[in-house]
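Just so it is clear, the structure is predicted and the values come from calculations on it, not from any experiment. Protein chains get the first letters and strands the later ones, always in sequence-line order, with residue 1 at the start of each.
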Number of protein chains: 2
Amino acid sequence: MSDAPLRPFAQSLPMALLKAREAVMSHFRPILAAENITEQQWRVLRALADADQPLSVSQIVERTFLLGPSLSRILAGLERRGMLDRDTASEDARRALISANPAGRALLAKIGPLSEARYRWIEERLGAGQLDRLYELLALVADAGLDAGVAEAEAEA
Amino acid sequence: MSDAPLRPFAQSLPMALLKAREAVMSHFRPILAAENITEQQWRVLRALADADQPLSVSQIVERTFLLGPSLSRILAGLERRGMLDRDTASEDARRALISANPAGRALLAKIGPLSEARYRWIEERLGAGQLDRLYELLALVADAGLDAGVAEAEAEA
DNA sequence: TATTGTTATACTCTATAACTATA
DNA sequence: TATAGTTATAGAGTATAACAATA
């Protein structure tokens, strides 16, 4: 472990990722607030919309980076607002099957285009090529993080 | 506003940014937890370490993306743990001057190298060139977000 | 016994408004 | 009056453990 000084905060990778995300989300959050929906609730709805099949609670956890207990309450909130359908898997009664119902899909259809407009703004500024490149690099970082986890697990073994 | 369907959730830019950040932070959070320090407290300490001068509360707000009320409590927590010095600016008694004291700098020195090690792991996987490219693109996104804000403000005027 | 999901609990952060002190 | 910062308050998420139901 070296004693090199910490790189400048502005060049911290987590901070750069956070800053970019804030820049995108800061314009989107008011839209969500106007619909009385939190960022996390939106993440759940997006995950459900993206899947063409109902998802189990564990699957939503994986796709949204939320914790199980948090998700249970977020789902309860969305159900209270009548946005979700919940069934039980026929093969395994432990597994819940969550999907966006018509009201949930209507909300997605209402907010989605506003999200797209924001996205296109950024795409125009960067160009499609650079945006694709960004996605590649972000995926590499995500994978490097996972690899690191594996390396640590092996080091402990 | 077009009716194009939402892009796949996995390709949502905020989600890709979040995923990459999670990959990096998930290995770093246990280190912070072991020192009994939250991610936000760490962000504040890093911002203070990065500045070579004491920072006002507003300056820390700008650099950490925390809200004023949140920061007030985070600072109180760090002060309770004896990590910070607080003075009052001589020219303006409203302005506080916050800096990391020796205990705070010791914590930075302890945790910093662990953070650097994680960073180097990712740099090895991506190569320095690609990492630099990633920073450029993230900065472009951050700026595009700010531009969008300006454009909206002008549209309202 | 292991897995899926919920409930319990304590803490932290977010977000807005109201407030104090200084300018 | 405006600005810097804190306090108040309500709501939501994080994190860990304990639990119920099912496998």
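- Contacts of B:Ser70 with the nucleic acid, taken as non-hydrogen atoms under 4.0 Å apart, include base atoms.
- Taking only distance into account, the side chain of B:Arg29 never meets the base of D:dA15 through a donor-acceptor pair shorter than 3.5 Å.
- Within the cation-pi definition used here (under 6.0 Å to the ring centroid, within 45° of the axis), B:Arg7 qualifies as a partner of A:Tyr119.
- The residue A:Leu66 sits close only to the backbone: its heavy atoms come under 4.0 Å of sugar-phosphate atoms, none of a base.
- Side-chain proximity of B:Pro69 to the nucleotides C:dT22, C:dA15, D:dG5 is greatest for C:dA15.
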Chi angles and distances behind the side chain to side chain contact (heavy atoms under 4.5 Å, CB included) call for A:Ile37, A:Arg81: CA-CA 10 Å; A:Ile37 186 175; A:Arg81 293 184 52 180; 4.3 Å; yes

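- When the nearest nucleotides of DNA chain D are assigned to A:Leu67 and A:Ser90 by heavy-atom distance, the more 5′-ward of the two goes with A:Leu67.
- Using modelled atom types and a 3.5 Å distance limit, the side chains of B:Arg125 and B:Gln130 yield no donor-acceptor pair.
- Here D:dG11 presents its P atom at 18 Å from CD1 of A:Ile37, a figure rounded to the nearest Å.
- Between B:Glu39 and A:Val57, the residue anchored closer to the 5' end of DNA chain C is A:Val57, taking for each the nucleotide with the nearest heavy atom.
- Out of D:dT7, D:dA21, C:dA21, the shortest distance to the side chain of A:Arg94 is found at D:dA21.
- Counting to the nearest Å, the P atom of D:dG11 and the CD atom of A:Gln41 are 14 Å from each other.
- Side-chain atoms of A:Arg95 and base atoms of C:dT4 include no donor and acceptor less than 3.5 Å apart.
- A straight line from CG of A:Leu55 to P of C:dG5 spans 11 Å, rounded to a whole angstrom.
- A salt bridge is absent between B:Glu123 and B:Arg120: the closest approach of a Lys/Arg side-chain nitrogen to an acidic carboxylate oxygen does not fall below 4.0 angstrom.
- Put simply, B:Thr38 has no side-chain N or O that comes within less than 4.0 Å of OP1 or OP2 on C:dC11.
- The side chain of B:Ile74 lies closest to C:dC13, out of C:dC13, C:dT22, C:dG5.
- To the nearest 0.5 Å, atom NZ of residue A:Lys19 and atom CZ of residue B:Arg21 are 13.5 Å apart.
- Within 4.0 Å of B:Arg43, counting heavy atoms only, lies no atom of the nucleic acid at all.
- For the pair A:Arg73 and A:Asp92, both in contact range of DNA chain D, the more 5′-proximal nearest nucleotide belongs to A:Arg73.
- Remark: C1' of D:dT6 and CG of B:Leu78 are 16 Å apart, rounded to the nearest angstrom.
- Rounded to a whole Å, the CG atom of B:Leu32 is 16 Å from the P atom of D:dT14.
- One finds a side-chain N or O of B:Ser72 lying less than 4.0 angstrom from the OP1 or OP2 phosphate oxygen of D:dT6.
- What separates CD1 of A:Ile98 from P of C:dG5 is a distance of 8 Å, to the nearest Å.
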